[in-house]
Amino acid sequence: MEPEYSPTVVDHFEHPRNGGRFEAGEGVIKGVAGSLEQGTMFVLSARVAADRIESVRFEAYGCPHCIAAGSWLTEQLVGLTQPELRAWHWRAADQALQFPMQKRGRLLILEDAVRALSEAWARLIP
Amino acid sequence: MSSPAKSAPVIYLDYAATTPVDPRVAEVMIECLRPEGPHGNPSSMGHEPGRRARALVEKARQQVAASIGARPECIVWTSGATESDNLAILGVARFHADRGRHVITARTEHKAVLDAFKQLEKEGFEVTWLKPGVDGIVRPEQVRDALRSDTQLVSLMHVNNETGVIQDVAGVGAICRERGVAFHVDAAQSAGKLPLNVEAMNVDLLSLTAHKSYGPKGVGALYVRRRPPLGLKPLFHGGGQELGLRSGTLPTHQIVGMGEAFEIGERDRESDVARIAVLRERLWQGLTAIGGVELNGHPSERVAGVLNVCFHDVEGESLRFALRELAVSSGSACSSGSDEASYVLRALGRSDQLAQSSIRFSLGRFTTADDVDRAIAIVSREVARLRALTPTADSNGT
Amino acid sequence: MSSPAKSAPVIYLDYAATTPVDPRVAEVMIECLRPEGPHGNPSSMGHEPGRRARALVEKARQQVAASIGARPECIVWTSGATESDNLAILGVARFHADRGRHVITARTEHKAVLDAFKQLEKEGFEVTWLKPGVDGIVRPEQVRDALRSDTQLVSLMHVNNETGVIQDVAGVGAICRERGVAFHVDAAQSAGKLPLNVEAMNVDLLSLTAHKSYGPKGVGALYVRRRPPLGLKPLFHGGGQELGLRSGTLPTHQIVGMGEAFEIGERDRESDVARIAVLRERLWQGLTAIGGVELNGHPSERVAGVLNVCFHDVEGESLRFALRELAVSSGSACSSGSDEASYVLRALGRSDQLAQSSIRFSLGRFTTADDVDRAIAIVSREVARLRALTPTADSNGT
Ligand SMILES: Cc1ncc(COP(=O)(O)O)c(C=O)c1O
Ligand SMILES: Cc1ncc(COP(=O)(O)O)c(C=O)c1O
Ligand code: FES
Ligand code: FES
């Protein structure tokens, strides 16, 4: 049957926020999960200042839900502290974007990317 | 159901799934549906309304027969190519089961053929599934090599519905005829696109359908060689219409529509094909300019209207959703619900991922240069947009 | 082909063979055939033209389901009642063959049912052929008596196509339900003529066709009970449409026509029936006045539109030829080529000769009192003329 896309998914898919990535450098961290071969991949990069996230960019390869989730996430993560980032859970995205049951697994890949981002941040902190 | 955000009418490039009915065809059908039309039962030969309907059915039989170089009495009306394929394959195999239980077909056939052969497997037949080359073509020698003394039937499609690739059915037909093996061809995608001649192609059974050639959905035909007669068992039983091969009241308006569509299709074939080939070329140039695109299937052994293209570095579902202003398809219409990669493209050696990022554009009689240009603009824009979000290969190398 | 000598338009009294398409039905079909119509493939759910066609197919499914008191998901589209009968009978029997190989039907069924059962006999099933009384009716107790522990399927038609006699399907259904035996009803002749409710009738499978109820030829449906699900094997294989029970592209315009025809048929049923019953009575009065005529089948358990009458002392072929200004029939449309006496009338105990001198008059929505009066005049004149030439019984005693 025709896949269902919620209005939020359509909006973010049509108008992705903060696509792309930051050049590596001072205060820039990166989290990657998944792969093209797997059919789903996220690359998150963020600029952190003091103890908070200042801005986030994303790249995504995957279905419209995944692209929308990447876009949506870049707005959600701004302002988070490192412990808050580490505590981020895929359910937040699921609720906001109404992922169909059979696609929830792909949100775990997104969560992995967030976790990798938070670990990269931990490595920055001396 | 989500509908496109933009309200521009979609651009129909899915002629291989089904075509609109040609207005000239619709006209003759509509006449049949009117109160003063030929509303009798074509089997009611005892009265004038019945005979009037029968005469139209027989005229249409001649039209369809003429378009494939056959005699009218060899045409059996069916509900479409799915039924024709099954009647041919199950019908011949079951009739001659005691003569041998080996049958041959290819992996890239339409489901109607594949699933009929799978049914034969359940009935104790052994099936050889030929694998085409990466160009989608099954070589006649592959068939020759697969033939055995107990081979009873070979089935090979003329034009593939997903890729548009043309098989050398005449070559295969010659081999089958030489060996006395029945040869069935699914020609659902050929009428009005390629010349068809059952004699020249040495075909014993040929499946046709109206709705891929500007006729109505729900009517088709099976050509069955009558000299020497080829025995086959009907799929269902009843009034004994169509010499007992296909019982059921003949749908006059549908048959009249198919006859007209096939006559027009053959008459206009060369000009239609020439025009569509130009549009297809224009589309292909536009798409290659995007970069990172590849054609699926043989570059020249193909019908004019079909272009199956894979797009690198864009995920399939997102690509299809991004292109929802275009009525195109990935895989066949009947599998359009599922996420599964096309078995046809997989058989041509494409990875799951590239198969899923493939789109079939199919053009037809009513496609305009403007349709093509707008399609190119949309595809270019959307592929670029999605690729801009695609992680590059070096992403892992932090 | 001989055409009537007189050029007056024939009077159509063969509604049981097929009906004209109601102009309201034709209208919705024609919309589907126009360029701006829903020309997509209803399986192409990936784009708007496909989804638009699908929505119409589903609306029609609801219309047909509502007319028989069923849930829409129980309706499977087919090419007509012949296919529906075969799908039901062969489908259920083959699916459950290991549970038992005894099946029951009646001698007066339509060929589509009889021949499906004959096919089952070839496949090793044992068939009990019930014989109706001289009134054409099979009593539920006959079915009860025929049931065995290995009985798997009972098939009994609702309305007989030759005589118009109505069977007590609800009575038979109750018995089958009690014994857990699948029950199929051929209701090709019922829609718009009698109330139909699959729940109240305890029916598991019900065959329908559009062209006997002012819809198009070449489309029908099979109702299949889903709760508890009833297993059945498809007749043919392919795209997997209709939950795998019936592959093949769905013919949108045909299905839309059937949906509309059935909705109208149910809405107008009571007024149609009342009007037709009056005309039928007028015809019957006119025919009895001729003398030497007898009704075939039960005098009151019958639908309004059908009158099957035998004429004493006139030979059948001469009678039919004399009445060629009337479009009537003897026997079913599908056997109208043959000279054989109707097997239905023979089963009711009529002699070969009386069966051959029987005529089925069937009236419908567009029959007028004038049609009836002209028919009476023609029959009276021709029967009298032929009888005047018939040697009298005492001829031998000269
Ligand atoms: C090659 C081929 N064979 C068979 C079919 C089935 O035809 P139909 O839809 O008339 O049953 C199709 C199209 O659906 C087709 O493309
Ligand atoms: C009782 C009955 N069953 C089945 C059929 C066959 O229906 P169709 O012509 O739709 O195949 C008919 C009419 O032909 C009929 O009258
Ligand atoms: S049945 Fe038409 S594409 Fe599958
Ligand atoms: S098939 Fe219609 S009367 Fe026999």
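A, B, ... follow the sequence lines: proteins, then strands. Residue 1 opens every chain. Quick note: numbers below take in every heavy atom, side chains included, and nothing from hydrogens, waters or symmetry partners.
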What is the distance from atom CZ of B/Phe236 to atom OG1 of C/Thr82, rounded to the nearest 0.5 Å? 7.0 Å
Which bit of C/Leu323 is near chain B, if near means a heavy-atom gap under 4.5 Å: side chain, backbone, both or neither? neither
At what distance, to the nearest 0.5 angstrom, does NE2 of B/His211 lie from OG1 of C/Thr252? 10.0 Å
B/Ser79/C/Gln254 under side-chain contact (heavy atoms from CB on, under 4.5 Å): CA gap, chis, key distance, verdict: CA-CA 11 Å; B/Ser79 65; C/Gln254 295 277 92; over 6 Å; no
Which bit of C/Ala327 comes within less than 4.5 Å of chain B, counting heavy atoms only: side chain, backbone, both or neither? both
Given heavy-atom pairs under 4.5 angstrom as the criterion, report whether the side chain, backbone, both or neither of C/Thr209 touches chain B. neither
Greatest number of heavy atom pairs closer than 4.5 Å to chain C - which of B/Asn86, B/Asp115, B/Val219: B/Asn86
Given the options C/Glu27, C/Glu83, C/Gln119, C/His237, which has more heavy-atom pairs under 4.5 Å with chain B than any of the others? C/His237
Those residues at least two apart in sequence (or on a different chain) that pass salt bridge (Lys or Arg N to Asp or Glu O under 4.0 Å) with C/Asp371 are C/Arg374
Using non-hydrogen atoms and a 4.5 Å limit, figure out which bit of B/His47 sits close to chain C: side chain, backbone, both or neither. side chain
Considering only heavy atoms and a distance below 4.5 Å, find which of C/Pro49, C/Ala81, C/Ala26 pairs most often with chain B. C/Pro49
Between OG on residue C/Ser44 and CG on residue B/Asp14, distance to nearest 0.5 Å: 5.0 Å
What part of B/Thr19 gets closer than 4.5 Å to chain C, counting heavy atoms only: side chain, backbone, both or neither? backbone
Answer whether the closest heavy-atom distance between the side chains of C/Pro216 and B/His253 falls below 4.5 Å. yes
At what distance, to the nearest 0.5 angstrom, does CG of B/Leu235 lie from CG of C/Leu235? 7.0 Å
Can you tell which part of C/Pro35 gets under 4.5 Å to a heavy atom of chain B, answering side chain, backbone, both or neither? side chain
Check each atom of C/Leu250 against the heavy atoms of chain B and say whether the ones under 4.5 Å are side chain, backbone, both or neither. backbone
Chain B contacts, top residue of C/Gly218, C/Pro23, C/Gly80, C/Gly40 (heavy-atom pairs, under 4.5 Å): C/Gly40
Between B/Leu326 and chain C, with a heavy-atom cut-off of 4.5 Å, which part of the residue counts as in contact: side chain, backbone, both or neither? backbone
With a 4.5 angstrom heavy-atom cut-off, could you sort out which part of C/Val328 is near chain B: side chain, backbone, both or neither? backbone
CG on B/Asn41 to OG on C/Ser329, rounded to 0.5 Å: 9.5 Å
Turns out that what part of B/Arg246 lies under 4.5 Å from chain C's heavy atoms comes down to side chain
For C/His39, give me all partners under ring pair (Phe, Tyr, Trp, His ring centres under 6.0 Å), at least two apart in sequence or on another chain. B/Tyr12
Once rounded to the nearest 0.5 Å, what's the spacing between atom NZ of B/Lys217 and atom CG of C/Leu33? 9.5 Å
Given heavy-atom pairs under 4.5 angstrom as the criterion, report whether the side chain, backbone, both or neither of C/Leu114 touches chain B. neither
